[in-house]
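Take a look at the structure set out below.
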Amino acid sequence: MSGATTLPERGSAVARTLAILRKELLDTLRDRRTAAVTLLSAIAAGPIFLLLIFNLIASQAERARDLALPVVGAEYAPAVVAFLERAQVSVSKAPPDYDAQIRRGDLDVVLVIDERFAADVAQGKPGTVQLVFDRSRDRARVSIDQAEALMRGYNRLWGDQRLMLRGVTASVANPLRVETSDLATPQQSGALVLFLVAYYGLFASVMGGMAVALDTTAGERERQSLEPLLMTPARPVEIVAGKWLAVCAFNALVVTLTLTGFYLTLAFAPLPPVGVPFLFGAREFVRLLLVLVPMILMLPALLLYVGSRARAYKEAQANVSVLLFVVSLIPLVQLFMQRKEPAWLVLVPVSAQYSLLNTSLRGEAPALAQLALAWLAPAALIAIALTAVARRLARESILAGR
Amino acid sequence: MIEVDGLRKAFGPRREVQAVRDVTFEAPDGEITGLLGPNGAGKTTLLRMLATLVVPDAGSARVGGLDVVADRYEVRHRIGVVSDARGLYPRLTARENVRYYGRLHGLPRRTLEARIDELFTALGLSAIADRRAAGFSQGERMKVAIARALVHDPDTILLDEPTNGLDVMSVRTLREELRTLRAHGKCLLFSSHVMQEVAALCDRIVILSSGRIVAVGTATELIARAGTSGLEDAFVALLGSDEGLAA
């Protein structure tokens, strides 16, 4: 059965590492359901979320165009109503329970014209109109602002007319002209979309390799296939390297798919009329990927370490969840930090990447020095984590998890 | 050939569990040597030391003339091990499982594929060669584990409780396999707590109890020493009881 075959022996460390890498990738892809779910949700995340956001922006824009203003007491100030109608506002009669409707969110804003309006004006007093709204309602904000602006506009118009009748030019009452100059470039105004792409890109690099990392550490132990593996010529460091590279490869795939999803959506989906003037071309794509490389390599190392400490799959899953939870929180904390980010932030992993992602998405190229510094902490963590895993594999106690 | 000299191993934070105490024996080439003992006798620990998985506290062991501690990776090229838990990858096919280990042993592609075909034919695995290991029976798992252990044509083969969970037909196949390997001059060492297995197969038997060697010898020698009529009676007599042994 062994025949006379003298089998040429050995093989190199690289060959063994590659053999392990190939097997781990094969094994991962064989778990078709997990692989499919992970990859499909990666590519779908961008389109789904962006389209939801666009929808939101577009519907707000539409509301801005056609303001519907229910009016109480329209008969007391026909000139006001005429002004509104000329301004393309659809004026309607307010329902008797308009107060309750506004509280409920069914109505955005209502104009109430007092019955003494005409009498007050005739006596030279200001005519009172009341705008009723609930400013805490996000969706109503555009309508509220518009109604207020219209009323102010009408006040100006009416005031200017009166002055003219008295022979005074309007500029007497308006000595100060305020001009605004918004320094935000078109790219800077897509704040929400920016956050979303940055966060999701980061999120993908954190979550992408989770299932594979768990399966290749805790799963291997649970299936009791680690013991025979440790009796092959493969050194612990080769085993760790092979597994790490496999998780990194899968992680890279997930990140690329996620960014591609965003890229394609922004490139081809109909942008809302208000316009999210957002630049996400091929150059930005590459920049984002480059910023995320330290994450793509670091998270697998950390996940492998956490996974290797657990004796069973469930335990590993629990520990990994904690790690991922903490990591996902970091960008959120940064988001709420109102002040400008300190310079040393570039040395904090995850935070640095989040900052750099935002910089790139704003259309600025991150400085090379910044990119290099952002690598320091991840590189150190990778070395530490992988060494720790290799040490664990070399120890006999790893067998005790039977 | 396996040469064991004064091997010791203890576990625990204060080394309180003495798994193997001062074990000395030899397993020659071209013979099947059996490690018989009740559960907890130290058989698995002993095999793991020989497989270079566990480092002994004291004593030495040589496999194929190489020291298991100093030359551990070289030793691994020359041994094939079948663990108690076969440890196959359920999502990979039988062929892929064996191929993986062949690659880890550095076998070039064409040689490896030819070797796998050879082994599968000999073991009767050709029909399920490309089926995923997840659905395999115990007997099929055992065969794949053996193929995996033999892919690099090792001179020494270690098996831990190989007949565990096997039906009669699979046990017969296993016995034939081991005998064939013996005929090829391999050194075979397997552990068992099943007296019948050891009696049927082994040229030489090492009886272990509580980490110590109770007796070593051929079947004839042990029967003579125990003064019984049959080998199984000899086992019980030498061990002092039949607790932990199976017929």
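Chain letters run A, B, ... following the sequence lines, proteins first, then strands; residues in each count from 1. Values reported hereafter were calculated over all heavy atoms of this structure, with side chains retained and with hydrogens, waters and symmetry mates removed.
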Looking only at B:R148, B:R103, B:R72, B:R99, most heavy-atom pairs under 4.5 Å shared with chain A are made by B:R103
When the 4.5 angstrom heavy-atom criterion is applied to A:R22 and chain B, the contacting part is side chain
Q.
Can you confirm whether A:F285 is buried at CZ, in the sense that more than 12 heavy atoms of other residues, nucleotides or ligands lie under 6.0 Å from that atom?
A. yes
Original post:
Considering only heavy atoms from C-beta outward, does the side chain of A:K23 approach that of B:Y89 to under 4.5 Å?
Top reply: yes
#### Entry: Side chains of A:L230 and B:R48 in contact at under 4.5 Å (non-hydrogen atoms)
no
| said: Counting neighbours of CZ on B:R179 that are heavy atoms of other residues, nucleotides or ligands and sit closer than 6.0 Å, is the number greater than 12? | reply: yes
Okay, A:A15 and chain B: the region with an atom under 4.5 Å from a heavy atom over there is neither
Here the pair of heavy atoms bringing B:Y101 nearest to A:L229 is OH-N, 3.0 Å
Output for pair (A:E227 CD, B:T44 OG1), nearest 0.5 Å, gives 8.5 Å
Residues passing the salt bridge (charged side-chain N to carboxylate O under 4.0 Å, His left out) test with B:D67, sequence neighbours excluded, are none
Bottom line for A:L18: the part with an atom under 4.5 Å from chain B's heavy atoms is neither
Would you say OH of A:Y199 has more than 12 non-hydrogen atoms from neighbouring residues, nucleotides or ligands within 6.0 angstrom?
yes
Distance col, row A:I239:CD1 vs B:L104:CG, nearest 0.5 angstrom, shows 8.0 Å
In terms of heavy-atom contacts, A:R30 and B:R91 come closest through NH1-O, 2.9 Å
- Query: Quick check: does any side chain N or O of B:R76 sit under 3.5 Å from a backbone N or O of A:T232, one acting as donor and the other as acceptor?
  - Reply: yes
Chain B shares the most heavy-atom pairs under 4.5 Å, among A:A19, A:S225, A:G219, A:A234, with A:S225
Honestly, the part of A:E220 sitting under 4.5 Å from a heavy atom of chain B is side chain
Checking heavy-atom separations under 4.5 Å from chain B, one finds in residues 240-262 of chain A none
What one should report as the nearest heavy-atom pair of B:V81 and A:M231 is CG1-CE, 3.5 Å
